[in-house]
Amino acid sequence: MKLSARNVLKGKVVSVEKGATAAHVKIEIATGQVVTSAITNESVDALGLKIGGEAYAVIKSSDVIIAVD
């Protein structure tokens with residue numbers, strides 16, 4: 001994975017709460033430190049995000065982007 005963003009935080013998915021069109025995904029990047037991102041339900045499915053799975057919080061400016069290998 002190559003990105004222009006400099007802030008890439010690897011962690012474990014601890015919560016995926018889907019709504020009508022968007023989901024809130026929480027990634028624990030260290031014990032007690034959780035990053036939350038709002039992404040589409042379609043992105044959750046496309047990335048295969050599951051509780052307990054590894055993912056990355058990619059932070060560029062004011063956006064948090066979720067990435068997986």
Side-chain angles (χ1 to χ4, degrees):
M1 173 175 61
K2 291 185 179 184
L3 299 168
S4 63
R6 298 196 183 272
N7 301 301
V8 179
L9 308 171
K10 186 175 183 178
K12 183 185 295 187
V13 177
V14 293
S15 175
V16 177
E17 297 178 16
K18 285 186 173 183
T21 58
H24 288 107
V25 179
K26 294 184 180 189
I27 298 175
E28 185 173 48
I29 57 172
T31 303
Q33 295 185 330
V34 177
V35 174
T36 303
S37 179
I39 63 175
T40 64
N41 289 336
E42 184 177 342
S43 292
V44 169
D45 296 338
L47 293 171
L49 296 175
K50 305 277 186 225
I51 294 174
E54 289 186 347
Y56 298 87
V58 181
I59 302 165
K60 182 159 180 141
S61 189
S62 62
D63 297 322
V64 176
I65 303 162
I66 304 297
V68 296
D69 283 322

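Just so it is clear, the model here is predicted, and its values are computed rather than measured.
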Novice: If we only count heavy atoms from C-beta on, is the V13 to I66 side-chain gap below 4.5 Å?
Specialist: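 Heavy-atom side-chain distance check fails, nothing below 4.5 Å.
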Novice: For A57 versus I27, what's the shortest heavy-atom pair and its separation?
Specialist: N-CD1, 4.2 Å
Novice: Taking all heavy atoms of V58 and all of A67, pick out the closest pair and write down the distance.
Specialist: CG2-CB, 3.9 Å
Novice: List the steps and the verdict of side chain to side chain contact (heavy atoms under 4.5 Å, CB included) for L49 and V68.
Specialist: CA-CA 9 Å; L49 296 175; V68 296; 3.9 Å; yes
Novice: Is V44 close to V25 at the side-chain level, that is, under 4.5 Å between some pair of heavy atoms?
Specialist: yes
Novice: Taking atom NZ as the centre, does K12 end up with more than 12 heavy-atom neighbours from other residues, nucleotides or ligands that are less than 6.0 angstrom away?
Specialist: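 Count not over threshold, so no.
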Novice: Flag the pair Y56 / D69 as yes when at least one side-chain heavy-atom distance between them is below 4.5 Å, and no otherwise.
Specialist: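 Yes, at least one pair of side-chain atoms sits under 4.5 Å.
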Novice: Enumerate the side-chain hydrogen bond (donor to acceptor under 3.5 Å, both in side chains) contacts for residues 22-38, please, sequence neighbours excluded, ordered by first and then second residue.
Specialist: none
Novice: Verify the cluster assignment for L3 and I65: are they in a single hydrophobic cluster under the rule of side-chain heavy atoms below 4.5 Å apart?
Specialist: yes
Novice: Roughly how far, to the nearest 0.5 Å, is OG1 of T40 from NZ of K18?
Specialist: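 Taking NZ in K18 and OG1 in T40, the distance rounds to 9.5 Å.
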